[in-house]
Amino acid sequence: MANDASTVFDLVILGGGSGGYAAALRGAQLGLDVALIEKDKVGGTCLHRGCIPTKALLHAGEIADQARESEQFGVKASFEGIDIAGVHKYKDGVISGLYKGLQGLVASRKVTYIEGEGKLSSPTSVDVNGQRVQGRHILLATGSVPKSLPGLEIDGNRIISSDHALVLDRVPKSAIVLGGGVIGVEFASAWKSFGTDVTVIEGLKHLVPVEDENSSKLLERAFRKRGIKFNLGTFFEKTEYTQDGVKVTLADGKEFEAEVLLVAVGRGPVSAGLGYEEQGVAMDRGYVLVDEYMRTNVPTISAVGDLVPTLQLAHVGFAEGILVAERLAGLKTVPIDYDGVPRVTYCHPEVASVGITEAKAKEIYGADKVVALKYNLAGNGKSKILNTTGEIKLVQVKDGAVVGVHMVGDRMGEQVGEAQLIYNWEALPAEVAQLVHAHPTQNEALGEAHLALAGKPLHSHD
C-alpha cells in the first residue's frame, strides 16, 4: 500500500487517544503511511485525564493510609496531612514523562502528526486547520467525555466531573459521588484516603454493578469498614446549591449534603458536529456502529475506542487500534473476545475480573452446569503480610473450563494477567492446579483456588 502521491496517506486517523495512537504506531510499523490528527495532546483521556492521573491519586492515597496505619506494623510514623499541590506535582510528573515518551515514539515511527480539530469531510478525507488530509482509509477514534444527567449542570466548582476532580486545588471536606461504577468508586476511595467524608449514590442495587455480585458485596463490606458511606437502589432526582455546597435529593425523598458533588455517571462518545452522519456513517445514540473487525457501514471508514459501543477501557482501545492497522496491512486478524479482556477497578481494595459472572454463566450453560468456588485471601500468606482481605472466586462449567475469575483485594489488578490466560486458553482447574506458584505471593492464591476447584485443596478447607 505505497503512496502514489505524497498528499494521500494509507491511513488517516482522527483522534490521538489510546485507540488512535495504537493504530498509528502499529500501522507505521507495518509500512503504512499514517497521518494522526489530534486537537489536544497525543495520549488522549487515558494519559491526561483518566487511567494514569487517577491511579496516581489512588497511590498517593495509599501512601497516606500507610502513614496513618504504620504503627500496626511496628513502624512509628506520623501523618501530617495532604499537600494537594505536591500530589498534583507528582501526578503531573508521571503524566509528563509518559507523554514525552509517547511523543518520541510517534516521531520515531515517522507518523505524520497534525495538531488541530479535524472533521470528516468525505469517506476518504478529514479537514483540519483549513486543509484537506486525504487517506485511502479513515479511522475514527475521537473518544469520549464525562456525561451528566438531564437537568444536572456541571459547573466545575461545586458540581464537578472527573476532569475537574483531577485538578481540584483542595481536598474537599465532604463529597457526594453520583455513580458507583469504576470512576465513582475510584474517586471515592482516593478522597477517603485524603480525609474527605464521602457518600456514593448508585441507582442500581450494588456498587460496581457490572461485576460479579460477590465482588460487589465484598467491596461494599470493605467500604463500610473504611467509613465510605453509600446509598444503593434509588435514583437521583435533583440537586440544588446550599450556602456552603450542594444538596442532592433522591427519588424516594432522601437528601444528602456535601461541599462538592462529583458526577460519575459514565462517559459519552465524542461524535457531534464531526461530520460522521453527513458522510453516511451508521450511528446509535452518538456511538459509531462497527462489526467485529471495527468496520463501519462505509467501506473506507473504521472506528475504535470509546467512540464505539464496546468496553470503555484503554487497553481495549489499544487492541482495537492494532486490529484495524493489521487488517489494513493485509495481516490475518481475529476479532476481540471482550469477555476475555481483563477489567480492574483500582480502588482500595481493588476489584479485578476476567470472563463472565456466575449469573451470566448460569444463563448461558444452565444453573446445574455451573460450579463456583471462593478462595478467601485469609489463607494466603502474602495477603496476610500486607494486611489485606478479600476473595478469589472461580466460575467453572461443570467438568469443563474456568469461564470467570473474580478477585477482590489489594493488588489484585496485578494478578489478573494469569487469570486472563486461564480464561482465554480455556484452562481446566486441574491444568492450573499442576502449575507451581511462587510462595509467598498473592499470585499463589490463584493457584490455591484452582487446587481447591480441582478437588485437592492445600491451604483451604474442603
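Here the structure is a predicted model, which is why all the values come from computation and not from measurement.
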Exercise for the section: Would you please test H59 and Y346 for ring-ring contact (aromatic ring centres under 6.0 Å, His included) and show each step? Expected result: CA-CA 9 Å; H59 184 61; Y346 294 88; over 10 Å; no

To the nearest 0.5 Å, what is the distance between [atom1] on [X] and [atom2] on [Y]?
| X | Y | atom1 | atom2 | result |
| --- | --- | --- | --- | --- |
| L394 | H406 | CG | NE2 | 9.0 Å |
| F194 | F187 | CZ | CZ | 10.0 Å |
| T333 | E326 | OG1 | CD | 7.5 Å |
| N376 | E448 | CG | CD | 12.0 Å |
| S96 | H48 | OG | NE2 | 9.5 Å |

Handout entry: Pairs involving residues 424-438, ordered by first then second residue, that meet side-chain hydrogen bond (donor to acceptor under 3.5 Å, both in side chains) (sequence neighbours left out)
Key =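 Listed by first then second residue: E418-H437.
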
pair [X]-[Y]: side-chain heavy atoms closer than 4.5 Å:
| X | Y | answer |
| --- | --- | --- |
| L232 | E220 | yes |
| I201 | V248 | yes |
| P335 | Y293 | yes |

Using atom types as modelled, flag every donor-acceptor pair under 3.5 Å from a side chain in residues 311-320 to any protein atom, sequence neighbours excluded.
residue	atom	partner	partner atom	Å
Q312	NE2	R267	O	3.3
H315	NE2	P342	O	2.7
E320	OE1	G305	N	2.7
E320	OE2	T310	OG1	2.8
E320	OE2	Y338	OH	2.7

[X] [atom1]: over 12 foreign heavy atoms closer than 6.0 Å:
| X | atom1 | result |
| --- | --- | --- |
| E414 | CD | no |
| K55 | NZ | yes |
| K39 | NZ | no |

Practice task
Could you list the residues that satisfy ring pair (Phe, Tyr, Trp, His ring centres under 6.0 Å) with F230, not counting sequence neighbours?
Solution key: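 Ring pair (Phe, Tyr, Trp, His ring centres under 6.0 Å) list for F230, sorted by chain: empty.
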
Handout entry: Non-hydrogen atoms of G181 and P209 that approach each other most closely
Key =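 Here G181 and P209 meet closest at CA-CD, 4.5 Å.
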
Any salt bridge (charged side-chain N to carboxylate O under 4.0 Å, His left out) involving [range]? Give me the pairs, sequence neighbours left out, ordered by first then second residue.
| range | answer |
| --- | --- |
| residues 166-183 | R170-E259 |
| residues 87-110 | none |
| residues 349-359 | E358-K362, E358-K393 |

Problem - Salt bridge K229-D197, side-chain N to carboxylate O under 4.0 Å - result: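 Looking at K229 and D197, the cut-off is met.
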
Practice task
State plainly whether the residues E115 and K41 are in salt-bridge range, i.e. N to O under 4.0 Å.
Solution key: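 A salt bridge is absent here (no side-chain N lies under 4.0 Å from a carboxylate O).
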
Handout entry: Partners meeting salt bridge (charged side-chain N to carboxylate O under 4.0 Å, His left out) with D40 (sequence neighbours left out)
Key =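 So D40 forms a salt bridge (charged side-chain N to carboxylate O under 4.0 Å, His left out) with R49.
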
Handout entry: Step-by-step side chain to side chain donor-acceptor pair (under 3.5 Å) determination, Q72 to S70
Key = CA-CA 6 Å; Q72 63 182 286; S70 65; over 6 Å; no

Problem - Which residues share a side chain to side chain donor-acceptor pair (under 3.5 Å) with D339, sequence neighbours left out - result: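 If we apply the side chain to side chain donor-acceptor pair (under 3.5 Å) test to D339, skipping adjacent residues, there are no hits.
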
Problem - For R68, side chain to side chain donor-acceptor pair (under 3.5 Å) partners two or more places apart - result: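 For R68 the side chain to side chain donor-acceptor pair (under 3.5 Å) partners, ignoring immediate neighbours, are D65.
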
Side chain to side chain contact (heavy atoms under 4.5 Å, CB included) partners for [X], two or more places apart:
| X | result |
| --- | --- |
| V94 | I52, Y90, L98 |
| A264 | V177, I183, L262 |
| Q66 | E62, I63 |

Problem - Y375 and H450 aromatic centres sub-6.0 Å - result: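 No, the ring of Y375 stays outside the 6.0 Å limit from the ring of H450, centre to centre.
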
